[in-house]
Trainee: 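Pasting a structure below so you can have a look.
All chains are named by letter (A, B, ...) in the order of the sequence lines, taking the proteins before the strands, and each is independently numbered beginning at 1.
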Amino acid sequence: MEYLLKNGYVVDPANKIDCERKDIAVKDGKIVESVDESKAKVIDVKDMLVMPGGVDLHSHIAGSKVNIGRLFRPEDHYKDYEVKKGVRRSGVGHSVPSIFTTGYRYATLGYTTVFEPATPPLKTVHTHDELNDIPILDKACFPLFGNNWFVMEYIRDGKLEECAAYIAWLMRSVKGYAIKVVDPGGVEAWKWGGTVQDFDQEVPRFGITPREIVRGLVKVNKMLGLPHPIHVHANQLGVPGNYKTTLRTLDAVKDLAAGDRPIIHLTHVQFNAYGGVDYLSLSSGADAVADYVNKNPHVTIDIGQVIFGDTTTMTADGPFEYKLFTLLRGKWANADVEVETGAGVVPITYSRSNYVHAVMWAIGLELALLIEDPWRVFITTDHPNGGPFTEYPRVFSWLMSKEARAKVLKKLPRLARARTNLKDIDREYTFYDLAISTRAATAKILGLSNKGHLGVGADADIAVYNINPKEVNPSKDYKTVRQAFAKAYLTMKDGEIVAKEGEIVSAPVGRTYWVNTKAPQDIEDAVIPEVKRLFEDYYTIRYENYYIPESYLACSAPIQPLEPAG
Amino acid sequence: MFSAYTATRACGVKVIMVELKLKMKGQSVAPIEGEMLTPDNLAKKSFNEILNLETWRGNRLVKLSEVFTVEGESTSNPSDLHLIIEGDLRKVRHIGAHMSAGKITINGPVGTFVGFEMSGGTIVVNGDADAFLGMGMSGGMIEVNGNAGDAVGSGYWGTRCGMRGGLIVIKGNAGAELGCWMKDGTIKVGGNADVFAGVRMQGGTIFVAGNVGAKLGAAMTNGKIVVLGNVPSILPSFNIDEIRANTKVDGEKVQGPFYVFYGDITEGGNGKLFISVPKNAHLKYREAYLL
Amino acid sequence: MKVINAVLCPGCGSLCDDNEVYVEDNKIVKVRTDCAISTSKFLNFNKDRNTTPLIRVDGELKPTTLEAAIERVARILVEAEYPLIYGWSLTSCEAQKKGVELAEEVGGVIDNTTTVCHGPSILGVQDFGEPTCSLGEVRARADLIIYWGCNPSSAHTRHMKRYSSLSKGRFRLPEQRKVVVVDVRKTPTARNANLFIQVKPNQDYELMAALKMMLQNEEIEEQEVAGVPVEQIEELAELMRSCEFGVLFFGLGLTMSEGKERNIDGAITLVRELNRWTKFAIMPMRGHYNVTGANKVFTWQTGYPYAVDFSRGYPRYEPGDTTAVDVLSRGYNDATLVVASDPVANLPKDAVKHLCSKPLAVIDPHISLTAFMADVVIPCAFVGIEEGGTAYRMDGVGMILKKVVEPPEGILPDTQILDLILKRVRELKGGR
């Protein structure tokens, strides 16, 4: 099928195109130079905003902990449902939508690539089961390594090459994409009911500190040439004053950077940018974090914006969720996973009148606005931790309009306004900034060369929004912005129209990316038998059954590492 | 075919209610969705519109006139509409769901979820009501002149919140988990209540004229339960507070004497159980713990 | 002879994956395992095997073709106003997914056997969540293991040796673990426990309330609770409080005794309380090998773990009304398809009576009691032995089942049969 999207205003930052009237030609799922207008289906998108399909690098959409959230929150779903219609399967929302609905709602927003940022390797069969069932989207998952016994011991013993070989083996075994680190060492401590309070505190019984784990994994990531930097959820998440830990984490790896290429992605930083010493004195630490990011090109972040309303927090950071539970005393799920990691899930309602929540809301936006380079700060809600991804249009409108922000600020507790910097920030995102932060830059940092842009050869993942970027002034017309982004006029995935004005018109199977990485053969040959031997002592399943064959993925898309290993 | 009904509004003003009568036609195997059967929904609709309203019988959309014979008329104001539903309604679910005003009289046994998340108005059931009566109710009144099933005045799964207001009166017996997670309002049972009455209760009042099953008030954090009949046992997480000559339910005096227990202590609870002394001689040993 | 390693056993929710299966001429001749359930499963799964589709004619089940049987099932489902599609605990996630799709297509209720086993556990989790862990965490760390209302010695034969009390873990040896059994009678598991607490039937909740009181240093106005002297309860409370890593396994003794989900409320909140003192986890002992998978699949596809009603074109969840037992005993359904389960043998009498009074179709490798009462029976391959697929262990670890022998000629896996039914249903519905 060939398409020609005519007369739209194209915003394609990767190709330095900023609101230019330009036709986009599509053939066999790719963007092409031109198509034969007599054969192609011509779609007039006159004066509409045309962007690459959205690329979300951090959204909890699939796997064990997501499903725990779904299972224990029937009250989250029962008023928000989708009736079966045509190709659209039925399902439910809201903060933890059922799997088909997840795909449809992302497509409706104009997003076409979404990565699940945390899978316990042992439970990755489950993660792939769900990823396989997500219609339309391309996806991948990041296995968790920050509390893995093998990783901690290899790094502690200075065996980085062995560590790299182990991670390469695991990445291939479970078909993972990037190294995810959550509360390094802290989850292992939590498995005894404890925590790791400091970046330099030893993990009980393992003789290694979070600092050493993070540094070791940055090195391993480089050795393996993985396309994405290590993806870190720092220690002390949610703790007042934690911005210092955040800065120490970033600074701990600064010397490992070479050139301008980022080597660490710090995720949902809103939760890790708190000043103050307790919740009463909580303040924004966003300026310090933003300042560091502005000065140090080895870092990228996503914000983890909070949305007021009801949602579900879920993370591999079991000790954090326990702390949250002791504050809220509602539902609490914990799911520690042998050898590797843990997970916790706690529902929460963020309330405007709650001082802490108000400060959190401001911090997310401050980070996005104070970090100058949109290529290094990405818009997320850490779905569903800060709020459901369906609220992205609201976040866009806040970033694009000081007035929209002011309207919310006005309703926040006075002290929250005083202890944050948001009121003094004038910056407003342009459509170009927005396209960078939600598409071009995320695709780039994930190493997806076919995504996030509309150049010839790119995957024809395209979002068209019914808004005229030349006429609409987002600063004033933020409601128009919000409406336009909530329901793409048209979403195309691999050259096929999947959503049109909120209706799902087709639901193709999306790819699952994974990195087919390898350490030098001799090292793998030495390491794998050792892993196999210990596997029987550590795990409760057999080594043989840990391996997930490529055929298990509905549409496998292996990626080669960036550079030769070793 | 105009028939009138005189009712007294709370303010004491007599109003004329317009009657709309629905009579179940025959029997259905598949359950019938009754959630549109509320004065809110049927008011302002013409007789023909009502006949042509669609509802679900199992997975089939059927016209209301296929399921019910309809008589009477509607009115513009839901508060003035009196819906009378008759027949074997055991398979009709969610009658009166989200109702906010007016009155429904159900003549016959009725299915599950009567008055689901209702906020106002009155429902009278002249017959037995199945489980989940008044689930998520926040206001209004339900009267059952028969027995009611399990989980009266509870809440939708996972909400951790039951009935938040209003009044439920059951002339007969109530099933298990009466007033589960109940937060406010009143439930009165003329007969007996099964196990776990008032479980997880957070407020409001439950009055049972007859006997109750075990685990009364389990894990309650607040609220009051009054039992005139037999209580097989008191949970170990309740301690005795005092003996009272009488107590009050919705402002009305109830004659005792009552053992008063407080709990559930394991939940840091501030709930109170008022248990008839004469009917519960087997609890006398607890008097030893009175200071 | 072919030896196949690391084969998962479709015998129980423990889903042990270290079985060695010896195959000769497409027959399993030997199994290396120390589990009686597993041995029997692998060696005897072919007994009472039915290999012919059957249709009831004049009151008798008569052989028919697969096409005719599928046509009949499809028509039963399409004509029904409220079909029930039930079972799913003894098959793969792939089949379960097809089941959900079929239920959605025909506007029926889909439910799994959770409804008669750990449904209450799920309702408890929906109110409180659940502090749990994978079985390897128990193996590595647990120094206190409580079996409450469950008897792994008989029902999950290798559980103790592989995962819990008798397993050898990285930080814990069997002799470093204490075992407590709480049950209404002295089970084989109880005989080997360090402490056995005999609770009066239907009074588990009282006992848990007393334990919570003790953990909170509150005074109890009783000499004994649930038949257990207060001193013994105190002893248990102290064991719980002072352990380093405790776990509470529970079974049907808790979920199916008086109070049901409220007992699970009691157990989960007890474990929450214990986490103030130490690290403590709770886990249901799931019976059928993939009942956990059924909950997982239903949840990610529909939002709800069981009792999903598609009659209005989207998933609705009202357990107690849309649960199979309640659908049947209220007489709501006008047809039933049973897959990988035997409800006639397991459900209450009035539910079975209604089940048999309406058109009934069964997909099963064997002639079960339910198949015996059915109008249509379609034989299928034995999942986990003759067909692969995914299954979830009781702790939520997903694993891939192995196909070790070929099914009898002409016998399809249930996933394919369901797919054929689904296709036929869509044809029959036409544009509807």
Trainee: Heavy-atom cut-off 4.5 Å, strictly under: side chain, backbone, both or neither for B/Glu267 against chain A?
Mentor: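 For B/Glu267, no heavy atom lies under 4.5 Å from chain A.
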
Trainee: Inspect the surroundings of CZ in B/Arg90 and state if more than 12 heavy atoms from other residues, nucleotides or ligands are less than 6.0 Å away.
Mentor: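 Atom CZ in B/Arg90 is not crowded, with 12 or fewer foreign heavy atoms closer than 6.0 Å.
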
Trainee: Heavy atoms under 4.5 Å from chain A: which residues of residues 155-170 of chain B carry them?
Mentor: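 B/Tyr156, B/Trp157, B/Gly158, B/Thr159, B/Arg160 fall under the 4.5 Å cut-off.
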
Trainee: Looking at B/Lys224, I'd like to know if its NZ atom is crowded, meaning that more than 12 non-hydrogen atoms belonging to other residues, nucleotides or ligands lie closer than 6.0 Å.
Mentor: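 Atom NZ in B/Lys224 is crowded, with more than 12 foreign heavy atoms closer than 6.0 Å.
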
Trainee: Are more than 12 heavy atoms, taken from residues, nucleotides or ligands other than A/Lys85, located less than 6.0 Å from that residue's NZ atom?
Mentor: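 Not buried by this count: 12 neighbours or fewer within 6.0 Å.
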
Trainee: I'd like to know which of A/Arg329, A/Lys331, A/Arg73 tops the heavy-atom pair count under 4.5 Å against chain B.
Mentor: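 Result: the option with the highest number of such pairs is A/Lys331.
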
Trainee: Check whether more than 12 heavy atoms from other residues, nucleotides or ligands sit under 6.0 Å from atom NZ of A/Lys487, and answer yes or no.
Mentor: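 Check fails, neighbour count at 12 or below.
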
